[in-house]
Amino acid sequence: MKEVNANFNAQSIEREVQEYWRIHDTYKTVKKYRSAGKPFFFVDGPPYTTGNIHLGTAWNKILKDSILRYHRMCGLNVIDRAGYDMHGLPIEVKVEQELGFKSKKDIEKFGIRSFIEKCREFAIGNKFLMDDQFASLGVWLDFPNAYQTVQPEYIEAAWWTLARAEEKGMLERGHRVVNWCPRCETAIADAEVEYWDEKDPSIFVKFPLTGKQDEYLVIWTTTPWTLPANVAVAVSEEIEYAKVRATKDERGEYFWIAEPLVRSVLKKGRYQDFTILEKKKGSELRDWKYDSPLQEHVPLQRDIDHKVVTADFVTLENTGIVHIAPGHGWDDYMLGIKEGLCVVCPVDGAGRFKEEAGAFAGQYVKDSNENVLIALGDHLLAKETVIHRYGHCWRCKTPIIFRATSQWFLKASEMRDLMLSEVAKVTWYPEWAGSARFYDWIKEARDWCISRQRYWGIPIPVWVCLKCNKYRVIGTLKELKEAGGKPLKDPHRPFVDEVTIPCNCGGTMKRVEDIFDVWFDSAVASWATLGFPGKTEEFNILWPADFITEGQDQTRGWFYSQLGASIIAFGRAPYRSVCMHGFALDAEGKKMSKSLGNVVTPEEVIAKVGVDVLRLYVLSSSAPWDDLKFNWEGVGTTNRAVNILWNVYRFPLPYMILDTFEPSNRDGVWDGAYIRAHLSHMPDEDRFIISRINTVAATVDTALKECQLHRATRELVNFILEDLSRWYVQLVRPRMWSEGESVDKRHAYETIYYIMRRLISLLAPFCPHLTEEIYQNLRCGNDPASIHLLDWDAGDPVLIDGSLEHAVDIVRSFDDACANARQAGKRKLRWPVSEVVVVTNSAPVKDAIERLNAVCRDRANARKVSVVAGRWERIGWQAEPVMKVLGKGFGKNSFKVRGLIEAADGNHLKVEIESGRTVKLGAGVDVFEIGAEHVTFSEKLPADIYSATMPDATVYVDVRLDEDLEKEGYEREVIRRIQEMRKQLDLVVSEFISVEVLINDLRIYNLLKNDSNHTIAGEVLAVVPDKGILFSFLKPGDKLRTHDSIKDWEIEGATETVSMTIGISRAGD
RNA sequence: GGGCCCGUAGCAUAGCCCGGUGGUGCGCCCGGCUGAUAACCGGGAGGUCAUGUGUUCGAAUCACAUCGGGCCCA
């Protein structure tokens, strides 16, 4: 053990500890030590390699690390391979920006090979950056061996999974409507669409009914550009539609509109008047024919047989008639299939109209809105603008469009039931994350479009024959080598595109150009990380994962994608338990974003308070599944608690070292056996704190099993502050100061050593650096080389004494009450009091005060602490007049009576009245008879008795001074000043001094002069071996010698302020 | 528009499942302590428990609605 003088400096401690881990390869040692344990298969949700981590990412990894450290200490062999998600559009977009590219044509010109090399560099560069950032958080995952989605064996896992999908008939090549980014020119997944408000036209359009004069169906849309692709309108079977004759400027027209909406629609069209002519149910409108209002401008529209269909998604909004373009809408498309409508999509991948769109050819769809309105001419009934939520590409922020294209799908909708039943088998933290949130999401599961028309991703391993159009799914690199005839080093584009496979028909198969949706990459992580399918040994033992934890956004993301892929591959959920955590928000509960300028980075926090404080803060400030409102004040509070832990740790060290204390051990290994062996002989405060740490251990363990990291950490912080710092350390201090050998001191040392060892090992999963630092200083010679090699201790029930813990609680209340009463009596704690009386009828209070009487006397600084049941005889009663009653009975004499009552002997009055008698007060003619109705009684404390209440009891403090008490009070005052001066002189605790105290008050001088110098000298080390007492009092008028330090003091005594001059000098020479 | 979660003093939170006097920490004010001391302790002030309605003898807690925040979806 070495002494610790320095104040707590998180940064330097953490730096040193990390260096220690690096030199000793502690992480590997721990892993090896636990390698024979029961496996605990954890899968790291791979962060995307975009560069800097933010607070949310840090929180995520801190949660993981803390939980895994706990499991390791519990003896489990934790599989903790880290992972990185390194493909996909976000990286492509970044690289495109770097290279100044605007479209896919630029990439093709640049060369796919060069382009993906840039992407690879970008991803790998960021991976290394992030490795360092995670390591700086003290996160122990296997980073050097992290799984990376760009590695060939990882890609193989994805291929293998797709082959299983094909085998089970879950893969489909389909013409479908998908979310499409016109800038990236690719399909994007539902998960990749971001929504925010956008201003769009809101138009009402007249569709002329075939063969009728001036008779129209009225539809509404916010996307005029989809009108060239209109093939039908939908009505609701249930809604009633009205035919109205509407007039505007003398001209009459006939409209069909949902009856309840007629008025509002016509008002928008500025029609002055209308008459309802007839009403029909939607079902009666079925199969009516109409013509496109754009047929003059869009040639393809002339060949379409437009008709009215019914659909259940039509509601009573706008006009109650919905424009249907199966080429540009999901619902539209599904309806089109059901109704046999043709699918028209006159828009290309870049979002421009094709030739068949006639007048609009070449125009970008969003830009064409205005032209469509012009082309509609008189068919435009009304035009407004609307602000509504619209989808955007998550990377480039371009508004998406819906396009019918040929894509590859996994039939997720067919797996819905199996997914739901599998999810029910998973343990969720919190429970509702699975039973409510995830369940609801899966219920809505749609087929998953896994193809993207891009470059940097896992190529879809499907080869299609150019001749017979048959396709084949390749599941492994080996299979490809056999089929294609040559090995493939890098399975990325464009290399994989060069491989052709001969088809049975004699033709040649070429790979489809698509790559996988990047969500499919991470979906296979739980087996890819085990090297499956290339290696199967670990997979067979470990899979599925025991535990994963990610943010709530991963409900639709990784929780879902993994489940889908796993159902396809293995027919079951890939994880046994899932902890869903919240988001890191700013102090106002708003999302952190660059534009709001409210971003707090992990680095900032670390620079201020260090990693362990950051860790403890994020873990304790909210439940994992609640959002974390980041608050600097909270960080400061946590920092303070850690600082107190540090002070508690370093406080006993100088004494232990002075006494060359060595904790009892067996062959250099500490085992805590001393405590068990000596517990029954130890003082109550020791037994209390020993009991507490074991209770806390049990609580922490229970909380951790339920993923309640906030409860675990709060319990520990609370223990440090309340039980250890504010209670135990206060009580144990005098035993540390005592000189020479004593059993008492030995017990104190063993106890505090035991507490520190137990405490830091409970805290180790959350604050791995600080606890390691303390451990290294405390550990015995043959103890494990790192705290992280210790076994978890969930509390020893034998050492727990619940009734003692409860008794201490009561004594703490007593302590508070004493301080309160003293404050009322203006008697400083430094000044002793003769007696404190606790009046109570509560047996537990009585027992506690009596059992812990020595502690009570010490805390109260009282000569005597006693318990009285019922009443304390020194408490008297004060009679108080009830003026309302007095007024009625005594009229103008009331004032006189009041005075008499107040002056009366309350005790006597109360006895009489309570025994049913009346009392006559006053003299001569002014005698009044007082009854029960005239008075109430309140406690009357004798002078110098002050009281305060505590639960189930009242505490009375007698602050009267006698000569002895006053003398001790002044002694304490003098001692306190001398200690202060020692401190200012920077004296070592054990350094001797000589002292002169000049007291400018003869009475006080006389009070102290006789023997107080002995008492004080002993406390301030002014008794020097061989030289005797070097302490003297001087009376008023005397002069001090020269001293190292001389100071004047004003001391507030019991009745007067006394000025003193104190001089102290080193006694050494 | 829908699903899930959250809303408690200036700030952060416990309590809510299972109804019965709203606790705690920070900050603030007053006082104390002093061989952990750029620490520590006590006391005090401070609350429409987001709002409204309902159920109930009784609601922070249960139900419904509204408002605000977060995540996800349409």
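Proteins come first, then strands; the chains are lettered A, B, ... in the order of their sequence lines, and each starts at number 1.
The nearest whole Å value for the distance from the CG atom in Asn647(A) to the C1' atom in rU34(B) is 13 Å. For the pair Gln554(A) CD and rC72(B) C1', the interatomic distance rounds to 11 Å; values are reported in whole Å. In this structure, Glu715(A) places its CD atom 13 Å from C1' of rU24(B), rounding to the nearest Å. Separating the CG atom of Asn643(A) from the C1' atom of rC26(B) is a distance of 16 Å, rounded to the nearest angstrom. Protein atom NE2 of His581(A) is 13 Å distant from nucleotide atom P of rC72(B), rounded to whole Å. Between the P atom of rA36(B) and the CZ atom of Arg733(A) lies a distance of 4 Å, rounded to the nearest Å. Protein atom CZ of Phe630(A) is 19 Å distant from nucleotide atom C1' of rG69(B), rounded to whole Å. Atom CG of Asn631(A) is separated from atom P of rG69(B) by 20 Å (rounded to the nearest Å).
Atom name P, nucleotides rC18(B) and rG27(B): the rounded distance is 38 Å, in whole Å. Rounded to whole Å, the C1' atom of rU8(B) lies 12 Å from the corresponding atom of rU61(B). rG22(B) sits 13 Å from rU13(B) when the C1' atoms are compared, rounded to a whole Å. Annotation: rG7(B) and rA50(B) have their C1' atoms spaced 6 Å apart (nearest Å). Between rC30(B) and rG68(B), the two P atoms lie 41 Å apart (nearest whole Å). Comparing the same atom, P, in rG20(B) and in rA59(B) gives a spacing of 11 Å after rounding to whole Å. Rounded to the nearest Å, the gap between the C1' atom of rC62(B) and that of rC16(B) is 10 Å. Separation of the C1' atoms belonging to rU34(B) and rG25(B) is 24 Å when rounded to the nearest angstrom.
Side-chain proximity of Asp626(A) to the nucleotides rC5(B), rU13(B), rA39(B) is greatest for rC5(B). Of all nucleotides listed (rA74(B), rA36(B), rC33(B)), rC33(B) comes nearest to the side chain of Arg830(A). For Lys629(A), the listed nucleotide lying nearest its side chain is rU13(B); candidates were rU13(B), rG35(B), rG32(B). The side chain of Arg714(A) approaches rA14(B) more closely than any other nucleotide in the set rC33(B), rG25(B), rA14(B). With rA36(B), rG32(B), rC26(B) as the candidates, the nucleotide lying closest to the side chain of Thr637(A) is rC26(B). Of the candidates rA74(B), rU34(B), rC33(B), the closest approach to any side-chain atom of Arg976(A) belongs to rU34(B).
By the 4.0 Å N-to-carboxylate-O rule, Asp686(A) lies close enough to Arg735(A) to be salt-bridged with it. A salt bridge links Asp809(A) with Arg812(A): at least one charged nitrogen is closer than 4.0 Å to a carboxylate oxygen. The existence of a salt bridge linking Arg976(A) and Glu971(A) is excluded, since no basic side-chain nitrogen approaches an acidic carboxylate oxygen closer than 4.0 Å.
Although no hydrogens or angles enter the test, the distance criterion places no donor-acceptor pair under 3.5 Å between the side chain of Glu550(A) and the main chain of Gln554(A). Checked by atom type and distance alone, the side chain of Ser622(A) never pairs as donor or acceptor with a backbone atom of Val618(A) at under 3.5 Å.
Distances shorter than 4.0 Å separate some side-chain N or O of Arg640(A) from OP1 or OP2 on rC26(B). Residue Arg711(A) places at least one side-chain N or O closer than 4.0 Å to OP1 or OP2 of rG15(B).
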Collect all protein-nucleotide pairs involving nucleotides 2-4 of chain B in which both atoms are nitrogen or oxygen and the distance is under 3.5 Å.
from: rG3(B); atom 1: O3'; to: Asp440(A); atom 2: OD2; distance (Å): 3.4
from: rG3(B); atom 1: O2'; to: Asp440(A); atom 2: OD2; distance (Å): 2.2
from: rC4(B); atom 1: O2; to: Arg437(A); atom 2: NH1; distance (Å): 3.2

Listed pairs, N/O of protein and of nucleotides 42-45 of chain B, under 3.5 Å:
from: rG42(B); atom 1: N2; to: Gln823(A); atom 2: OE1; distance (Å): 3.2
from: rG42(B); atom 1: N2; to: Gln823(A); atom 2: NE2; distance (Å): 3.1

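The side chain to side chain contact (heavy atoms under 4.5 Å, CB included) search around Arg416(A) returns Ser413(A), Ile442(A), Ala445(A), not counting sequence neighbours. Legend: residues meeting side chain to side chain contact (heavy atoms under 4.5 Å, CB included) with Glu973(A), ordered by chain and number and at least two apart, are Lys828(A), Arg830(A), Trp831(A), Arg977(A), Ile1051(A). Phe583(A) pairs by the ring pair (Phe, Tyr, Trp, His ring centres under 6.0 Å) definition with nothing, not counting sequence neighbours.
Between Trp646(A) and Tyr649(A), a ring centre-to-centre spacing shorter than 6.0 Å is recorded.
Taken together, the paired segments of RNA chain B that extend over three or more consecutive Watson-Crick or G-U pairs, each closer than 3.5 Å at both contacts, are B:1-7 with B:67-73, B:10-13 with B:23-26, B:28-32 with B:40-44, B:50-54 with B:62-66.
Residues Thr695(A) and Glu805(A) bring a donor and an acceptor atom of their side chains to less than 3.5 Å of each other.
Between Trp448(A) and Tyr560(A), the ring planes are tilted. Angles from 30° to 60° get that label. The aromatic rings of Phe661(A) and Tyr749(A) lie tilted to each other, with the angle between the two planes from 30° to 60°. Between Tyr617(A) and Phe630(A), the ring-plane angle classifies as perpendicular under the 30° and 60° cut-offs.
Within 4.0 Å of Tyr649(A), counting heavy atoms only, lies no atom of the nucleic acid at all. When heavy atoms are screened at a 4.0 angstrom cut-off, Glu1019(A) is found touching base atoms of the nucleic acid. Arg812(A) comes within 4.0 angstrom of nothing in the nucleic acid, heavy atoms only.
A donor and an acceptor atom sit less than 3.5 Å apart, one in the side chain of Ser725(A) and one in the base of rA36(B).
Seen from the ring of Trp441(A), Lys443(A) does not count as a face-on cation partner, given the 6.0 Å and 45° thresholds.
Along RNA chain B, the nucleotide nearest to Leu829(A) and the one nearest to Asn718(A) differ in position, and the one closer to the 5' end is contacted by Asn718(A). Both Asp331(A) and Phe583(A) sit near RNA chain B, but only Phe583(A) has its closest nucleotide nearer the 5' end.
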